[in-house]
Amino acid sequence: MKNFFRAAPFAALAAAALLSGCGKSGDSGKIRMITEATFPPYEFREGTEVVGIDVEICKAVAAALGKELAVEDVEFDSVLPSLIANKAELAAAGITVNEDRKKMVDFSDPYVETGIVVISAKAAPVKGADDAKGKRIGVQNGTTSADWCVEVLGQEPDRFDSPASAFAALKAGKIDLVVADVDPAENLVKGEDAYGITSEPRFLTSESYAVAIKKGQPELLAVINKTIAELKASGRLDEIFAEFKAKADALVASEEE
Ligand code: ARG
């Protein structure tokens, strides 16, 4: 079987064998991506549609498989459990690769190197772990930011359903700082005078994002890795990043009007 896939003129044949007859997705013309769409520029809503970098990556994977992409939006802490429960074939939600998650799912090659940062009032800047300790910290539930609070500070954060609702609590004076991934954090502080990214050095962690799939599907993993490699090599991935960062920022600007 393995050799067959290696010898096959790639995606089309592999895809057909992969996704037909596995009986997982009821609609064999579609491949389902599960995400949590409050995370610009990776996934966010433009009107009712979920768009973003992760959606574009998964669309390219779907195209390589000869399928159309269907996107499902759930709470972040349900993304991997839903994948494992066969509610989708792909999970892409700015998901950081880590050892705990590797026990549950298989990850593709990473498509970005990134990390988490602090957002706080510029007038009372929180720079890092020492400053943050004992303060009220807001995070999106289920994220590596929540893990950072527990593991590095030994402290329970206030858990919110999105980075934006944590930021709203900061602006309302209910918490002292937000810990979040750098790209959604940059989007949140766009156009804000009083709040900014205050961590110094900027990153509290170094993390990388990858697409997750249910364990034990080497052929599907190979299609995803090949797609990511091609997007990188062609420069298309850089274009996707630029396009959706600009779109997400424009959305903030239009909300401020
Ligand atoms: N990178 C962080 C993590 O994996 C946060 C991801 C949050 N993603 C989202 N779509 N809300 O834990």
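Whatever order the structure lists them in is the order used to number ligands and atoms, beginning at 1. For the single chain, residues carry numbers from 1 onward in sequence order.
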Please test Val55 against Met33 for side chain to side chain contact (heavy atoms under 4.5 Å, CB included), starting from the C-alpha separation and ending with a verdict.
CA-CA 8 Å; Val55 179; Met33 158 189 174; 3.9 Å; yes
For Gln217 and Glu89, what are the C-alpha separation, side-chain angles and deciding distance, and is it a side chain to side chain donor-acceptor pair (under 3.5 Å)?
CA-CA 10 Å; Gln217 306 177 84; Glu89 289 72 40; over 6 Å; no
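Nearest protein heavy-atom contact of atom 5 (C) of ligand 1 is Asp181 OD1, 3.4 Å. Remark: minimum distance from atom 10 (N) of ligand 1 to any protein heavy atom is reached at Glu36 O, 2.9 Å. Nearest protein heavy-atom contact of atom 8 (N) of ligand 1 is Ala93 O, 2.7 Å.
Contact annotation: Thr35 has no heavy atom less than 4.0 Å from any atom of ligand 1. In this structure, Tyr42 falls outside the shell of residues with a heavy atom less than 4.0 angstrom from ligand 1.
Linking Ile, Leu, Val, Met, Phe, Trp and Tyr residues whenever their side-chain heavy atoms come within less than 4.5 Å leaves Leu177 and Tyr195 in two separate clusters. Tracing side-chain contacts under 4.5 Å through hydrophobic residues (I, L, V, M, F, W, Y), one reaches Ile228 starting from Val112; they form part of the same cluster.
Checking only distances, Arg101 does come within under 3.5 Å of ligand 1, N or O to N or O. Backbone and side-chain nitrogen or oxygen atoms of Gly94 are examined, and one is located within less than 3.5 angstrom of a nitrogen or oxygen of ligand 1.
For Phe76 and Phe39, the gap between ring centers reaches or exceeds 6.0 Å.
Atom numbering of ligand 1 starts at 1 in the shown order; those under 4.0 Å from a heavy atom of Gln140 are 7 (C), 9 (C), 11 (N). Atoms of ligand 1 found under 4.0 Å from any heavy atom of Ile95 (numbered from 1 in listed order, with element): 4 (O). Close contacts between ligand 1 and Tyr209 involve ligand atoms 1 (N) [criterion: under 4.0 Å to a heavy atom].
Of the options Val126, Ile119, Val139, a side chain to side chain contact (heavy atoms under 4.5 Å, CB included) to Val178 is made by Ile119 and by none of the others.
Using modelled atom types, one side-chain atom of Asp73 and one backbone atom of Ala37 make a donor-acceptor pair closer than 3.5 Å.
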